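For ligands, and for the atoms within them, numbers begin at 1 and follow the listed sequence. Count residues from 1 along the sequence. Just so we're clear, the structure is a prediction, and the values are computed from it rather than from any experiment.
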Amino acid sequence: MKAAQQGQPTDSQADKPTRRMIFAYQSASAIALAISLFWTVAFAREGLWLLSASEIILATVSLASWLLIRAGRFTAALIITEIAFLTFILTFSLMFDTPTPDAPRVSHLYLPVLAMLAYINYLRRRSVFQLGFIAVALLCYIVFTSGVPALPFAQPIPDELRPAGVWANSIISTVMMVGAIYALQLEFARHKGMARDLRMALRNRELELFLQPQVDRAGALIGAEALLRWKHPQRGYIPPGVFIPVAEESGLMPLLGPWVLAESCRILGSWKADPALSSLSLAVNVSASQFAAEDFEEQVLGLAALHGADPARLKLELTESVIVSGLERVAGKMQTLRKSGIRFALDDFGTGYSALSYLQRLPVDEIKIDRSFVQEAPAGGNAASLVRSIVQIGLDLGHVMLAEGVETREQYTMLRACGCAEFQGYYFGRPVSRAAFEQSARGKPESLADIPA
Ligand code: C2E
Ligand code: CA
Ligand code: CA
């Protein structure tokens, strides 16, 4: 599927930090490296080898972080640096920086700065890790401020070095806090700017639905998933992972969601008259807030009727997060839509809470196994057993199992052997523009996989 490779923004573009961000984080790593090297020498000159060694560890982490950012491993650099700095501060506070009547403890003053940096990283890319990190850092700050005694085997910094350390660390941590506030302000401004641009994008028709093929066990095309793209006039194609969270926060989802649904119904309506496309289904992602809208059912059915789309060809993809608006309510809405022929897929299965009782009570037709499981599957061992069990549970409950994120022939073969009936992933084709998808579907080979059924 050659055309499938065209016009596809890569995943790395999604999280690509701005140049200013890279510069800021690399400068911070360089400053931390310089400060820790200074203290390595200062402690070594006093014969304080343990302290000097601890500063060498910090210098190594700072250098590693600088190198990782240079190599483009931005997320890895952030996570490693955050964990290493938190561990260092806690160890240093308990082992060396013990409070005395003349000199207070100061190392813990860096904890709120770390929490603030984690929050900026959280705004950049939502993750439970960053939230947990913030909670731990702030909790430790409270505990240390309330006065934690030294460890019994602590080796306090000598008194003559302490006044300089207290002043230096108080000043540096305050300056870093001011820097973090400034960075936070820049991040908020970026969000606000993006929300404004997104509003304009809707008006200027800069949004587009890309289509990614879905295939059956024989590798034959059976439909597509519609994936939103923003064709930004300056930045090129922006993937949804970047702008959907902004849309959610700035209250733009009530505009964006219906646009996606309307566009999908329009596509399905136009496929009806084309023999090469009329049997294909279209899967559409629906966010939890969109599904919770009072008139969601009328919206979907109204749009399908308006654009002449066959509801039986429309598949709505929900994640477990829809359950926040109440299991019974959600199940009721799904039943209403299913009566009209609309099908439901449970997306990203296995990544959330995935309580089996939910699975039993939600009237879903299909389960999409998340790509994190799919990609681990051929490795064998526990990963393979886990995938096999997930597929089996789904099959036992009477669901169609779809493996997403299939990138290799091994993954396809393995998941097919497990009992998956449908597949989606780069192995069969990347998300492409509607025109490219339709062109390749019309001239489609019997199978998109180079493997016999
Ligand atoms: P998703 O629903 O899990 O969509 C699958 C994502 O995996 C897509 O990323 C797709 O490009 C990517 N993908 C597909 N096959 C492979 C593969 O073989 N390997 C790898 N590494 N990735 C693969 P995309 O397009 O960036 O979308 C990201 C997420 O944004 C989607 O995840 C979905 O949650 C959300 N999204 C996309 N379009 C919409 C939309 O119209 N409405 C809503 N509410 N959310 C959307
Ligand atoms: Ca999806
Ligand atoms: Ca998914």
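In terms of the side chain to side chain donor-acceptor pair (under 3.5 Å) criterion, residue partners of Glu187 (sequence neighbours excluded) are, by chain and number, Arg190.
When each of Ser93, Ser107, Ser54 is checked for a side chain to side chain contact (heavy atoms under 4.5 Å, CB included) with Phe88, only Ser54 meets the rule. With Gln424 as reference, Gln212 is the one residue of Glu404, Gln212, Arg371 to meet the side chain to side chain donor-acceptor pair (under 3.5 Å) rule.
The part of Arg371 lying near ligand 1 is the side chain, judged by heavy-atom distances below 4.0 Å. When non-hydrogen atoms are compared, ligand 1 lies under 4.0 Å from the side chain of Asp347 (C-beta onward) but not from its backbone. In Val260, the part holding a heavy atom less than 4.0 Å from any atom of ligand 1 is the side chain.
Among all heavy-atom pairs drawn from Leu252 and Ala195, the shortest one is CD1-O, 3.6 Å. Residues Gln290 and Pro258 come closest through the heavy atom pair NE2-N, 3.8 Å. Pairing each heavy atom of Leu402 with each of Phe423, the nearest pair is CG-N, 4.1 Å.
Using 4.0 Å as the threshold, Glu225 has a heavy atom nearer than that to some atom of ligand 1. Assignment of Arg229 to the shell around ligand 1 is supported, since a heavy atom sits closer than 4.0 Å.
Around atom 20 (C) of ligand 1, the closest heavy atom drawn from Glu248, Met253, Glu407 belongs to Glu407. Of the listed residues (Pro245, Ala247, Pro240), the one carrying the non-hydrogen atom nearest atom 27 (O) of ligand 1 is Pro240. Of all the listed residues (Leu228, Ile244, Val242, Leu209), Ile244 holds the heavy atom that lies closest to atom 36 (N) of ligand 1.
Each of the atoms 14 (C), 15 (N) of ligand 1 lies under 4.0 Å from some heavy atom of Gln212. Less than 4.0 angstrom separates some heavy atom of Asp348 from each of these atoms of ligand 1: 3 (O). Proximity to Gly425 (heavy-atom distance under 4.0 Å) selects the following atoms of ligand 1: 15 (N), 18 (O). Annotation for ligand 1: atoms under 4.0 Å from non-hydrogen atoms of Ser287 are 44 (N). Each of the atoms 19 (N) of ligand 1 lies under 4.0 Å from some heavy atom of Gln375.
Classified by interplanar angle (parallel below 30°, tilted 30° to 60°, perpendicular above 60°), the ring pair Tyr427/Tyr412 is tilted.
No hydrogens or angles considered: a donor-acceptor pair under 3.5 Å links the side chains of Glu225 and Asn285. A donor-acceptor contact closer than 3.5 angstrom links the side chains of Ser270 and Arg434.
Looking at ligand 1, you'll find an N or O of Asn285 within less than 3.5 Å of one of its N or O atoms. For ligand 1, none of its N or O atoms has an N or O atom of Gln424 under 3.5 Å away.
Between Arg338 and Asp365 there is a salt bridge, since at least one side-chain N of the basic residue sits less than 4.0 Å from a carboxylate O of the acidic one.
A cation-pi arrangement is present between Lys333 and Phe291 under the rule of less than 6.0 angstrom and at most 45 degrees off the ring axis.
Note on the Ca ion (ligand 2): protein N, O or S atoms under 3.0 Å away count 4, no waters included.
Around atom CG of Asp396, more than 12 heavy atoms belonging to other residues, nucleotides or ligands sit under 6.0 Å away.
Contact of the Leu228 side chain with the Leu256 side chain is registered, since non-hydrogen atoms from C-beta on lie closer than 4.5 Å.
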